[in-house]
Amino acid sequence: MMRILHVDASARIEGSHSRELSRHFVEALHGRIPRSRSTGSIWRRTRHAISGLSRPPRSRCPEADHTPEMREAIADSDAIVARVLAADALVIGTPIYNFGMPSTLKAFFDHVSRNGKTFLADETGMRGLIGHKRVAVLIPLAGLTGRERCSTGSTRSPPMSARSWAFLGIADPAFIAARPMMFAGQDAAAAAMISAQAEADELASKWGRPGRM
Ligand SMILES: Cc1cc2nc3c(=O)[nH]c(=O)nc-3n(C[C@H](O)[C@H](O)[C@H](O)COP(=O)(O)O)c2cc1C
């Protein structure tokens with residue numbers, strides 16, 4: 001059985017390419033992995049108030065001293081962390097907005113990054129605690145040409161780079177890009193989506209095979 005946590009970050013509901021692509025991938029997983037179960041998208045439950053979340057387990061700010069805002073932020077974070085910890089696989093559909101991950105996805109990371117729960121940081125160093133999960137990130141990109149492409153067109157560019165994932169222990173998330181989704185016409189975008197969906201099908205088959213990837 002595979003428990004899949006499906007997170008979508010696009011501000012668009014209708015017409016969202018990242019939602020279309022991540023939904024396609026999750027459906028492909030359901031088709032290939034018997035008894036796989038999806039727990040649904042969660043980003044809308046995140047908030048931007050993160051006071052109190054970065055405190056280490058043995059905090060000098062005891063729970064009794066938490067403000068109502070801190071309590072609310074921690075409760076939100078606890079709920080999301082519990083769902084992440086319970087999942088075998090994370091499927092994230094996200095755009096890139098202005099050279100970086102959307103603030104919704106950043107809010108997700110801010111809520112999920114909890115010392116003592118999803119990573120450990122103390123005087124001896126830092127290590128992630130959720131590295132055993134499978135992670136796929138599905139990203140439609142504008143696909144600009146020329147010099148711009150280096151900074152905006154690559155899924156390995158700094159905004160989506162390994163740092164946020166490695167921090168949590170996820171060494172090598174799978175990235176599937178659909179490109180060009182903007183500025184190249186509808187035909188090019190449709191072809192990019194078909195090709196990204198084929199890549200998603202291939203990854204779903206890989207995840208469906210027994211054994212560690
Ligand atoms: C406000 C905005 C900013 C964007 N910035 C970038 C960018 O910096 N680099 C890039 O490759 N694509 C960029 N894009 C393209 C999006 O990644 C692409 O349109 C994607 O399909 C949007 O996701 P959605 O269809 O799920 O809403 C941007 C799109 C929007 C709407």
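Start at 1 and go down the list; that is how both ligands and their atoms are numbered.
Considering Thr94, Leu141, Asn98 only, the shortest heavy-atom separation from atom 5 (N) of ligand 1 involves Asn98. The option with the heavy atom closest to atom 19 (O) of ligand 1, from among Arg19, Met181, Met182, Met193, is Met182.
Close approach of ligand 1 to Ser18 is summarised as follows: ligand atoms under 4.0 Å from at least one heavy atom of the residue are 24 (P), 25 (O), 26 (O). Shown in contact with Tyr97 at under 4.0 Å from a heavy atom are these atoms of ligand 1, numbered in order with element: 2 (C), 3 (C), 4 (C), 5 (N), 30 (C). Each of the atoms 24 (P), 25 (O), 27 (O) of ligand 1 lies under 4.0 Å from some heavy atom of Arg12. Residue contact check: Pro140 has heavy atoms under 4.0 Å from atoms 16 (C), 17 (O), 18 (C), 20 (C), 21 (O) of ligand 1. Numbered from 1 in the order shown, with element, the atoms of ligand 1 that lie under 4.0 Å from a heavy atom of Phe99 read 7 (C), 8 (O).
Taking CG from Leu141 and OG from Ser18, the interatomic distance works out to 10.5 Å, rounded to the nearest 0.5 Å. Interatomic distance, CD1 of Ile80 versus CG of Leu5, reported as 9.0 Å (0.5 Å rounding). Rounded to the nearest 0.5 Å, atoms CZ (Arg19) and CZ (Arg12) are 10.0 Å apart.
For Pro95, no nitrogen or oxygen atom sits less than 3.5 Å from a nitrogen or oxygen atom of ligand 1, counting backbone and side chain alike.
When atom types are taken as modelled, the side chain of Lys133 and the backbone of Leu90 share no donor-acceptor pair closer than 3.5 angstrom. Using modelled atom types, no side-chain atom of Ser195 and backbone atom of Ala191 make a donor-acceptor pair closer than 3.5 Å.
Using a 30° and 60° split on the angle between ring planes, Phe25 and Trp207 fall in the perpendicular class, above 60°.
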